[in-house]
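Notes follow once the structure below has been shown.
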Amino acid sequence: QVQLVESGGGLVQPGGSLRLSCAASGSIFSTYTIGWYRQTPGKQRELVADITIGGTPHYIEAVKGRFTISRDNAKNTVYLQMNSLNTDDTAVYYCNARRTQDFLEYNFWGQGTQVTVSS
């Protein structure tokens, strides 16, 4: 019902920046909360940041002050600007769209994009 495609990952040096994009199609994008998650081998996938349908952002402590999440509903796209990257940020980053309707949760995931922070 909702297709999510991430892009913008790559290799960057410590202290560098990347901007991830999540392009959505197939449903009404503006009705979903969009989140960025990340996962490394052997670890649980964790929420990094999300943004509500009203545009209110939320960040985990590890990325506060460094990452910025934003959405452009006209373009059906959510961005994650990542600054001051360190090696602990290395992970596969996934875009997630979710909403609750009639007491049911709807979740959709992208395929992921690799972010590698290394000197």
Listed once per pair and sorted, the ring-ring contact (aromatic ring centres under 6.0 Å, His included) pairs that draw on residues 37-84, sequence neighbours left out: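 Residue pairs passing ring-ring contact (aromatic ring centres under 6.0 Å, His included), neighbours aside: Y37-W109.
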Taking [X] for the side chain and [Y] for the main chain, is one N or O donor matched with an acceptor at less than 3.5 Å?
{"X": "Q101", "Y": "E105", "answer": "no"}
{"X": "T113", "Y": "G9", "answer": "yes"}
{"X": "T31", "Y": "F29", "answer": "no"}

Looking only at non-hydrogen atoms, find the nearest pair between T77 and S21 and report the distance.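 Closest pair (atom of T77, atom of S21, distance): CG2-CB, 4.4 Å.
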For T87 versus P14, what's the shortest heavy-atom pair and its separation?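 Looking at all heavy atoms of both residues, the closest pair is CG2-CG, 4.5 Å.
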Can you tell me how far apart [atom1] ([X]) and [atom2] ([Y]) are? Round to the nearest 0.5 Å.
{"X": "S30", "Y": "D72", "atom1": "OG", "atom2": "CG", "answer": "11.5 Å"}
{"X": "L4", "Y": "I34", "atom1": "CG", "atom2": "CD1", "answer": "6.5 Å"}
{"X": "T40", "Y": "D89", "atom1": "OG1", "atom2": "CG", "answer": "11.0 Å"}
{"X": "L104", "Y": "R99", "atom1": "CG", "atom2": "CZ", "answer": "10.5 Å"}

E46 vs I60, side-chain contact (heavy atoms from CB on, under 4.5 Å): CA-CA, chis, key distance, verdict: CA-CA 9 Å; E46 68 170 349; I60 60 172; 4.3 Å; yes
Test the R71-Y32 pair against the cation-pi criterion, namely NZ or CZ under 6.0 angstrom from the six-membered ring centroid and within 45° of the ring axis.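 R71 over Y32 ring: no.
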Give a yes/no verdict on a cation-pi contact between R38 and Y94, requiring under 6.0 Å between NZ or CZ and the six-membered ring centre and an angle within 45° of the axis.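 Not satisfied by the 6.0 Å and 45° rule.
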With a 3.5 Å cut-off and no angle check, do the side chains of T33 and R98 form a donor-acceptor pair?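 Result is no, nothing qualifies.
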Donor-acceptor pair between E6 and Q111 side chains, under 3.5 angstrom: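 Per modelled atom types, E6 and Q111 side chains form a pair under 3.5 Å.
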Is there a chain of hydrophobic side chains (I, L, V, M, F, W, Y, each step under 4.5 Å between heavy atoms) that links [X] to [Y]?
{"X": "L11", "Y": "Y93", "value": "no"}
{"X": "V2", "Y": "Y106", "value": "yes"}
{"X": "V92", "Y": "L47", "value": "yes"}

Here's a test for you: under side-chain contact (heavy atoms from CB on, under 4.5 Å), which of T68, I69, T56 qualifies with I51?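 Output: one option passes, namely I69.
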Between R66 and N86, is the side-chain contact (heavy atoms from CB on, under 4.5 Å) condition met? List the steps. CA-CA 10 Å; R66 299 190 297 121; N86 57 64; 3.6 Å; yes
Working note: T90 + V115, criterion side-chain contact (heavy atoms from CB on, under 4.5 Å); need CA distance, chi angles, decisive distance, verdict. CA-CA 5 Å; T90 296; V115 172; 5.8 Å; no
Residue pair N96 / N107, side-chain heavy-atom distance below 4.5 Å: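 A side-chain contact under 4.5 Å exists here.
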Given side chain to side chain donor-acceptor pair (under 3.5 Å), test N83 with S17 step by step and report yes or no. CA-CA 4 Å; N83 299 325; S17 298; 2.8 Å; yes
